[in-house]
Amino acid sequence: MDIALHYAKKLDNQDILNRYRDEFYLLPDIMYMDGNSLGLLSKRAELSLLSILDSWKKYGIDGWTQGEHPWYYFSETLSEMCAPLVGAMKEEVMITGSTTTNLHQLVASFYRPEGKRTKILVDELNFPSDLYAISSQLLLHGYNPEEHMKFVKSRDGNTLIEEDIIESMTDDIALIVLPSVLYRSGQILNLKALTKAAHERNIIIGFDLCHSIGSIPHYVDDWNVDFAFWCNYKHLNGGPGAVGGLFVNRKHFGQKPGLAGWFGSHKEKQFDLETEMSPAPDAGAYQIGTPNILSAAPLYGSLQMFAEVGIEAIREKSLKLTDYMMYLIKEELRDFHFKIANPVDHEERGGHIYLVHEEAARICKALKEHQVIPDFRSPNGIRLAPVALYNSFEDVWNTVQILKKIMTEETYKKYENKRDVVA
Ligand SMILES: Cc1ncc(COP(=O)(O)O)c(C=O)c1O
Ligand SMILES: Nc1c(O)cccc1C(=O)C[C@H](N)C(=O)O
C-alpha cells in the first residue's frame, strides 16, 4: 500500500463496484462514512417508492392487489429478495416490524422459562434498545431483570471473548440474544460456534443482525440459528425507519407466535375474518398488523442491487476499504493518540472502523464541519464506515487527510467535547 492519492485512485480504477456510486444520491463534496447508521438513498430505491405511490394514486384500495407491486404480497416479495443475504429459505424470512418490535415478538415467542431455566443471556455491549426490550419482557413474565438478565462482560470495554460467552451459557439460561456485529467496535461474533455451544446446552439462541446485514454474508440455516432480526436502513439503504426483518428457523414452524395479529394469518384465510386465527405456516406468522408499505417500498429497489452484485463481492470490497483506512490511519495519524479499537483480523472485523480518542465527540464535530460524516458513539468512539456500494478509496483517503488536518491544526478544540443530539 501507499499513502499517496494516486494509489487511492488506482484502487478505484480497479474496483468492479465503482460504477454503483452513480446509482446513489451522493452528498456533494461530502465523505459519507455513516452508512452503518443510515445508508444513502439510491435512484432505484427512489423509483420503487414512486412506483408504490403511483399505485396508491391510480388504484386506491385496489393497490393491495393491483399495480407493479401489489401491496398484499409485497412483504413476501421483499422477504424472498432478502433471504440470500441471511442465508435462509424465503419462507423463513419476513420483512416486517422494526428491529426492536421484532425482538419483542421473538422473545415473546421463544422465551419459555421452565423450572430453573429462567434467565436470558445478553452482553453488556449490545445496543441498549435490545436490552430495554428484553428487560421489559422479563418484567411481563413477572421476573426481576436485575436477577434474570445475565450479562456477558467485556474485558476491554470494546470486544467480547467467545469463551466468556460460552462459559456464561449455564443451566439457568432459557434464551440467548446476542448481536452478530457489535455496534461500537464492529467485532463479528462467531454465530456458528455460539449456536452450536448453545444447542449443546439445550438453549435457544437468536441474533441481532443490524450491523451485519448487507455488509457481510450470513448462513443462518447452515449454522442452525433459531431466530434473527435486523433493520434495513443501515447497509441495506431502505431509508430512515425502513421496515425491519426477521428470520425464524423452519424447525420452529407451527409454533404459535407470542404476539398475534391478523397479518400473521395464512394469506388465503386472512380475509375470511374469522374469530379464530389461522396462522401462516411459515415466518409470515410473526407479522402483526398492516405492513408499512411506504416504509418498505425503497427496499425493493435497493435489494435489486444486492442481488445483482452479490454479498460476497460487497464483503470483499468492504474489507479492502477498511484495510486501506486502517493502513492510512496508522501511517498518517500516529502522533495523535488514536486507538484502533475494532478487530484487525478479517474474520472478526465488520464493516466499520472504530477509533477511540479522549476528544472523540469534538473531533466528530470538526469532521462534520470539514465534509466528513462519521458518527460519535459515547463515551469516546468515532465510527467510520466506508460502504462498498457507494464509497470510494479516494473517499477513504480524503477522510484520513481531513482528520489529519483537524488534528494537526487542532481545529477540534473550537468545539465542546460533548455529543450532539443524534451523533
Ligand atoms: C444493534 C442494534 N439493535 C437495535 C437497534 C434499534 O433499532 P430500531 O430503532 O430500528 O428498533 C439498533 C439501531 O438503532 C442497532 O444498531
Ligand atoms: N435508528 C437510528 C435513528 O432512528 C436515529 C439515529 C441513528 C439510528 C441508529 O440506527 C443508530 C444505530 N443503531 C447505531 O448503531 O448506533
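Counting starts at 1 for both ligands and their atoms, in listed order. Keep in mind that this is a model prediction, so the values were computed, not measured.
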Open item on the list: His218 vs Ser212, test: side-chain hydrogen bond (donor to acceptor under 3.5 Å, both in side chains). Steps then yes/no.
Closed with: CA-CA 8 Å; His218 305 78; Ser212 56; 2.7 Å; yes
TODO: Mind running side-chain contact (heavy atoms from CB on, under 4.5 Å) on Leu389 and Glu23 for me, showing each step along the way?
DONE: CA-CA 9 Å; Leu389 279 183; Glu23 296 263 1; over 6 Å; no
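At a threshold of 4.5 Å between non-hydrogen side-chain atoms, the residues Lys413 and Glu359 do not count as touching. Using a 4.5 Å heavy-atom cutoff, the side chains of Tyr111 and Tyr143 are in contact. When side chains are defined from C-beta on, Leu355 does not count as touching His357, because their heavy atoms never get closer than 4.5 Å.
Ser278 and His266 share no donor-acceptor pair across their side chains, judged by distance under 3.5 Å alone.
Neither the backbone nor the side chain of Thr101 has a heavy atom within less than 4.0 Å of ligand 1. At a heavy-atom distance under 4.0 Å, atoms from both the backbone and the side chain of Thr99 approach ligand 1.
The single protein non-hydrogen atom nearest to atom 12 (C) of ligand 1 is Phe127 CD2, 3.4 Å, given as residue, atom name and distance. The nearest protein atom to atom 3 (N) of ligand 1, hydrogens excluded, is given as Asp208 OD2, 2.6 Å; this is a heavy-atom distance. Nearest protein neighbour of atom 13 (C) of ligand 1, counting heavy atoms only, is Lys234 NZ, 3.4 Å.
Not a single heavy atom of Gly244 sits under 4.0 Å from any atom of ligand 1.
Ligand 2 is surrounded by Ser37, Phe127, Tyr183, His211, Tyr233, Lys234, Arg377, Arg383, Val422, each with at least one heavy atom closer than 4.0 Å.
Taking the six-membered ring for Trp and thresholds of 30 and 60 degrees, Trp71 and Trp64 have ring planes more than 60 degrees apart, a perpendicular arrangement.
Annotation: side chain to side chain donor-acceptor pair (under 3.5 Å) contacts of Asp130 (sequence neighbours excluded): Asn126.
Taking every non-hydrogen atom of His211 and a distance limit under 4.0 Å, the qualifying atoms of ligand 1 come out as 1 (C), 16 (O). Shown in contact with Thr100 at under 4.0 Å from a heavy atom are these atoms of ligand 1, numbered in order with element: 6 (C), 7 (O), 8 (P), 11 (O). Heavy-atom contacts of Tyr233 reach the following atoms of ligand 1: 7 (O), 8 (P), 9 (O), 10 (O), 13 (C), 14 (O) (cutoff under 4.0 Å). For ligand 1, the atoms sitting less than 4.0 Å from at least one non-hydrogen atom of Ser98 are 11 (O), numbered in the order shown with element in parentheses.
With a 6.0 Å cutoff to the six-membered ring centre and a 45° limit on the axis angle, Lys192 does not count as a cation-pi contact of Tyr219.
Ring to ring, Phe110 and His252 are close: their centroids are under 6.0 angstrom apart.
For ligand 1, the polar-atom distance check finds no N/O of Ser129 at less than 3.5 Å from any of the ligand's N/O atoms.
Salt bridge Asp323/Arg349: present, at least one basic N to carboxylate O contact under 4.0 Å.
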